[in-house]
2 protein chains.
Amino acid sequence: MSATIKDVAREARVSIATVSRVLNNSAVVTDETRQRVLEAIKKTGYKPNALARSLKIQKTHTIGLIVPDISSTFYPEVVRGIEDIAAMYNYNIFLCNTDQKEEKEVKYIEILGEKQVDGIIFMGDIVRDSVIQTFNEFGVPVVLAGTQDKDKRFPSVMIDNEKAAYDAVKYLISLEHKRIGMISGPMHDPIGGLQRIEGYKKALEEHGIKYDPELVVEGEFKTRKAYLAMLKLLEYKVDAVFAASDDMAAAAINAIFDSNLKVPEDIHIVGFDNTYISTIFRPTITTIQQPAYDIGAVSMRLLTKLLAKEPIEEMHVILPHQLIVRESTGFGEE
Amino acid sequence: MSATIKDVAREARVSIATVSRVLNNSAVVTDETRQRVLEAIKKTGYKPNALARSLKIQKTHTIGLIVPDISSTFYPEVVRGIEDIAAMYNYNIFLCNTDQKEEKEVKYIEILGEKQVDGIIFMGDIVRDSVIQTFNEFGVPVVLAGTQDKDKRFPSVMIDNEKAAYDAVKYLISLEHKRIGMISGPMHDPIGGLQRIEGYKKALEEHGIKYDPELVVEGEFKTRKAYLAMLKLLEYKVDAVFAASDDMAAAAINAIFDSNLKVPEDIHIVGFDNTYISTIFRPTITTIQQPAYDIGAVSMRLLTKLLAKEPIEEMHVILPHQLIVRESTGFGEE
DNA sequence: TTGTAAGCGTTATCAT
DNA sequence: ATGATAACGCTTACAA
């Protein structure tokens, strides 16, 4: 139906090779023939077929994005960062939501491989063996964004979660708190779960506070669980809480209010992620900023280098995090 | 490098046609040869090349998604709805962020066309002529999600924005308010801007309240603008406000607090969208629920029908909205 | 400078 | 039931 390079060639009375040449404005084509071809293109309404081109040159200028859930709070920002850089380098993006389900992850990698993506950016709490194996089967360049495989074989971009948690808790300690609770991510999550708990422990121990397992309650990044977790921590009489996400921090604050206590007057809270919610919630929430956009942008930049076979300075990029002090730890009071 | 259908054929000592047959488990292939081919596939580690396949069958099973900004509050949910249905029908998704810039919209449509997507779902406040023209050039099936072209030539899925705004304001009127302000979207946005203002006007007029243009202040869906808009409305002594988005409602509430007034005690607020923020913010925000996920899901379903050339019952789907009453209009008080 | 033709990896028609 | 082969729309040696 739509015009092909052949139609243009016929119209311009040249060979398809010549048309191809002006299309890729390669080689030296006479201005005159170029003009003829350009006109023919216009006249026929010709649109190049990227599929055919990709099949020939063995490059699609397309990359795959594997994301747990594009409708959650953290990932849209990461994806935006990826997209912006991808657009700069003329890459298009396949979006795949996995809900962190292993079979979906594997299946999507296979589909992406079959669709001949030039590279893949993978996100998800844990990088399973089956996922790693599938990557290897297709031999496609991969960058891990906000996560890491246990053998660190794949390039990755993330923050230092342990250090970030450490900083958050250390800040609470500097505010003279002794009984500091934590609402954690899931225990099976090596990054957002365990690493942050590790940082929490380290901060306590380095400052001579004994670690009490009872004060770490799993919130699993769910507001309902976090709310309940906070109620439990209240029973243990904590005077400060570090929540592994802003959502959970907000839920915790609600639980505190609903128990007729106040933040920051009675209890201090620190969240994690510096999402929108931490700025708009009242009290505004002290939090750790994860540079979500940058994680995406740097991951994509790294991938472009991989694809161009440029030398990589650093396989495992650690981006800086930042403690942002707000009302939930008493900032703004005297 | 990676095995092709030829390698498999050679390995299994059959023709490529036969391999293709077992791949598409079409036609009748002897169990014996099928077995041989299957083994050859395993042995060679063959992965089909979807590009070649698509080039041949003229279908990519890929659709393009054109979105203003995936990192904003509303769209991730829509996209998730699209993705879920797309996955059910084995479609993959190209994600394109436009920031509502005309040139980006047009360029992405062209790229999607060249990459031979089977269809496109378009989102954005306004559907420009250049966009429509580009759609036509490529002749690719299109569904508009959450928006509409002025001639209604393209299928669309959305809510009745005017009616939704009407319902919101009518509810405020039912609470005995007389001086009702509005923080609106941008005036150049026919859907989220003008239609909602229209609903606001209609509700007032139908209930014998004179419409006062001063009481409609543009917030442009930006929290900072909305904050300032609310300060202005306070000067005009409004006793209730309808904000065209939850973000703006939250910002308005902050402005009210910062002016030493209280919500809902002194002023009632209604938002729009039923985003996460309206549930977690305190006071929780009365709002209009736009079924974002459903808009996405229904759009994608509609597109699958278009692609399968199934008959379409309704070119312009209106999904139900809902008023959700929360604390910002005094719910929960006596 | 331009044209011819092979090939990218499939599917599908037509023989056998 | 299976095999040859043309075709999908393009790029790119190699020739002319």
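On a predicted model such as this, the values are computed, not experimentally measured, just so you know. Naming: A, B, ... by sequence-line order, numbering from 1 per chain.
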Notebook entry, point to check: B:I5 near the nucleic acid: base, sugar-phosphate alone, or nothing, with a heavy-atom cut-off under 4.0 Å?
Noted result: base

Next item on the list: Check the side chains of B:E39 and B:Q35 for a donor-acceptor pair under 3.5 angstrom, ignoring hydrogens and angles.
Entry: no

Checklist line | Toward the 5' end of DNA chain D, by each residue's nearest nucleotide, A:L51 or A:A17 | finding: A:L51

Next item on the list: Looking only at non-hydrogen atoms, find the nearest pair between B:S299 and B:A145 and report the distance.
Entry: OG-CB, 3.4 Å

Check: For C:dG9, does either OP1 or OP2 sit under 4.0 Å from a side-chain N or O belonging to B:T4?
Finding: no

Notebook entry, point to check: Does A:S15 put a side-chain nitrogen or oxygen below 4.0 Å from OP1 or OP2 of C:dT4?
Noted result: no

Notebook entry, point to check: What do the steps show when you test A:T60 against B:K115 for side-chain hydrogen bond (donor to acceptor under 3.5 Å, both in side chains), and what is the final call?
Noted result: CA-CA 9 Å; A:T60 52; B:K115 295 214 170 175; 5.9 Å; no

Next item on the list: Specify the separation, in whole Å, of atom CG of B:L55 and atom C1' of C:dA12.
Entry: 14 Å

Notebook entry, point to check: Between A:R21 (CZ) and C:dT4 (P), how many Å, whole number?
Noted result: 11 Å

Margin query: Whether B:N24 contacts C:dT11 is assessed here as follows: a side-chain N or O lying under 4.0 Å from the phosphate OP1 or OP2. Is that the case?
Written below: yes

Notebook entry, point to check: Should B:Q58 be listed as having a side-chain N or O under 4.0 Å from OP1 or OP2 of D:dG9?
Noted result: yes

Check: Within the structure, does a side-chain N or O atom of A:S20 lie under 4.0 Å from either OP1 or OP2 of D:dT11?
Finding: yes

Notebook entry, point to check: OP1 or OP2 of C:dT1 less than 4.0 angstrom from a side-chain nitrogen or oxygen of A:T33, does that happen here?
Noted result: no

Next item on the list: To the nearest Å, give me how far apart CZ (B:R13) and P (D:dA4) are.
Entry: 13 Å

Notebook entry, point to check: Hey, is the side chain of B:S54 poking within less than 4.0 Å of OP1 or OP2 on C:dT10, counting only N and O atoms?
Noted result: no

Check: Which whole-number value in Å describes the distance from B:H61 NE2 to C:dT11 P?
Finding: 13 Å

Next item on the list: Look at all strands and tell whether A:I16 reaches a base, only sugar-phosphate, or nothing, counting heavy atoms closer than 4.0 Å.
Entry: base

Item checked: Between D:dG9 (P) and A:I57 (CD1): distance, integer Å -> 17 Å

Checklist line | Integer-rounded Å distance: D:dG9 P and B:K115 NZ | finding: 18 Å

Notebook entry, point to check: Got a donor-acceptor pair under 3.5 Å from the side chain of B:K56 to the base of C:dG9?
Noted result: no

Check: Atom CZ of A:R10 to atom P of D:dG9: distance rounded to whole Å?
Finding: 12 Å

Note to self: A quick test of your reading: do over 12 heavy atoms of other residues, nucleotides or ligands sit less than 6.0 Å from NZ of A:K305?
What the structure shows: yes

Notebook entry, point to check: Whole Å only: how far is the CD atom of B:Q35 from the C1' atom of D:dA1?
Noted result: 16 Å

Note to self: So B:K47, base contact, sugar-phosphate only, or nothing? Heavy-atom distance under 4.0 Å.
What the structure shows: sugar-phosphate

Item checked: Test log, rule side chain to side chain contact (heavy atoms under 4.5 Å, CB included), inputs B:I5 and B:L23 -> CA-CA 10 Å; B:I5 204 171; B:L23 249 33; 4.2 Å; yes

